[in-house]
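These values consider heavy atoms only, across backbone and side chains, with no hydrogens, waters or symmetry-generated copies.
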2 protein chains.
Amino acid sequence: MLDERHPEMVSDEQAQNLAELFKALGDPTRVRIISLLIGRELCVNDLTVYLQMGQSAVSHQLRYLRNMRIVKRRKEGKTVFYSLDDDHIEQIFRQTLKHLEHH
Amino acid sequence: MLDERHPEMVSDEQAQNLAELFKALGDPTRVRIISLLIGRELCVNDLTVYLQMGQSAVSHQLRYLRNMRIVKRRKEGKTVFYSLDDDHIEQIFRQTLKHLEHH
DNA sequence: TCAACACATGAATAGTTGCTCATATGTTTA
DNA sequence: TAAACATATGAGCAACTATTCATGTGTTGA
């Protein structure tokens, strides 16, 4: 059933990049952080309150998300505000939620 | 900056489900399997050839994807054909690829 | 300037994951 | 029925991950 003529949608490099991004979204804490940041800015302390988690854990995840360019930060005095880096992630969330509804 | 009036897009349960699905997509081997299955059926052996991986590894991943209802199987004699369970995953892939292009 | 505050970071660790190896199950053909 | 074939599965293991703990950095106000 090997069919060399079949067009493959993603190259190996694209597969790698897709997997990296999905992995970033593949953790409940990070999903909750992202969903809390949809449509607004929040500082680290707000996130720890919403998430009911240690400040360190939250900061570690925020660094991860920042390295992946999923969130960005803005400093204002002592506090640091985080927000989504672009709105594509929100689109992906919406589409995926739609998928989950149908199951 | 806590704002109780802000509508949260996803509940904790939805966050859990989203994370579970994204985690399933968050591995290069599984991404490649899914992308190979877009638009066609393939048997386990074909996948091992394309992926250049051991048959056992591929079967394990297929079981995982099947448990997640991302792929389904169809038996025909000795061989088992796998295909995508629905086309939502393809949509999610396309949207995410678009996101990656813009970075 | 010093204490309090907000956040970041490195090390350590328990839990998870993806692969390999060996073997089992089910099917076809000689 | 036995051998060959296609796939599935359990155990084991090395690599990775998410959190906690302790501490560091930068900022503000007394």
Output the distance between atom [atom1] ([X]) and atom [atom2] ([Y]), rounded to the nearest 0.5 Å.
| X | Y | atom1 | atom2 | result |
| --- | --- | --- | --- | --- |
| A:Met68 | A:Arg30 | CE | CZ | 9.0 Å |
| A:Ile92 | B:Leu18 | CD1 | CG | 11.5 Å |
| B:Glu13 | A:Leu100 | CD | CG | 10.5 Å |

(message) Expressed as a whole number of angstroms, how long is the span from B:Arg74:CZ to C:dT27:C1'?
(response)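 Computing the B:Arg74:CZ to C:dT27:C1' distance gives 16 Å.
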(message) Applying side chain to side chain contact (heavy atoms under 4.5 Å, CB included) to B:Thr96 and B:Leu25, what does each step give before you reach the verdict?
(response) CA-CA 11 Å; B:Thr96 308; B:Leu25 306 179; over 6 Å; no
(message) For B:Arg74, is the CZ atom crowded, meaning more than 12 foreign heavy atoms sit under 6.0 Å from it?
(response) yes
(message) Under 4.0 Å from a heavy atom of chain A: give me the 5'-most and 3'-most nucleotides of DNA chain D that qualify.
(response)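 So the outermost contacting nucleotides come out as D:dT17 to D:dT28.
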(message) Below 30° counts as parallel, above 60° as perpendicular, anything between as tilted: where do the rings of A:His88 and B:His102 land?
(response)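 Rings of A:His88 and B:His102: parallel, as their planes differ by under 30°.
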(request) Dump the intermediate steps for side chain to side chain contact (heavy atoms under 4.5 Å, CB included) on A:Val80 and A:Leu62, then the final yes or no. (result) CA-CA 11 Å; A:Val80 178; A:Leu62 286 169; over 6 Å; no
(request) Summarise protein proximity over nucleotides 4-14 of chain C in one line of letters, 5' to 3': B for base, S for sugar-phosphate only, - for none, counting protein heavy atoms closer than 4.0 Å. (result) -BSBBBBB---
(request) Find which nucleotide of DNA chain D each of A:Glu76 and A:Asp27 is nearest to by heavy atoms, and output the residue with the more 5' nucleotide. (result)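 It is A:Asp27, whose closest nucleotide lies nearer the 5' terminus.
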(message) Between B:Val71 and B:Asp85, is the side chain to side chain contact (heavy atoms under 4.5 Å, CB included) condition met? List the steps.
(response) CA-CA 5 Å; B:Val71 304; B:Asp85 198 9; 5.7 Å; no
(request) Would you indicate, yes or no, if C:dT17 has its OP1 or OP2 atom less than 4.0 angstrom from a side-chain nitrogen or oxygen of B:Gln61? (result)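 False: B:Gln61 side-chain N/O out of range (4.0 Å or more) of C:dT17 OP1/OP2.
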(request) Respond yes when some side-chain nitrogen or oxygen of B:Thr29 is under 4.0 Å from OP1 or OP2 of C:dC19, and no when none is. (result) yes
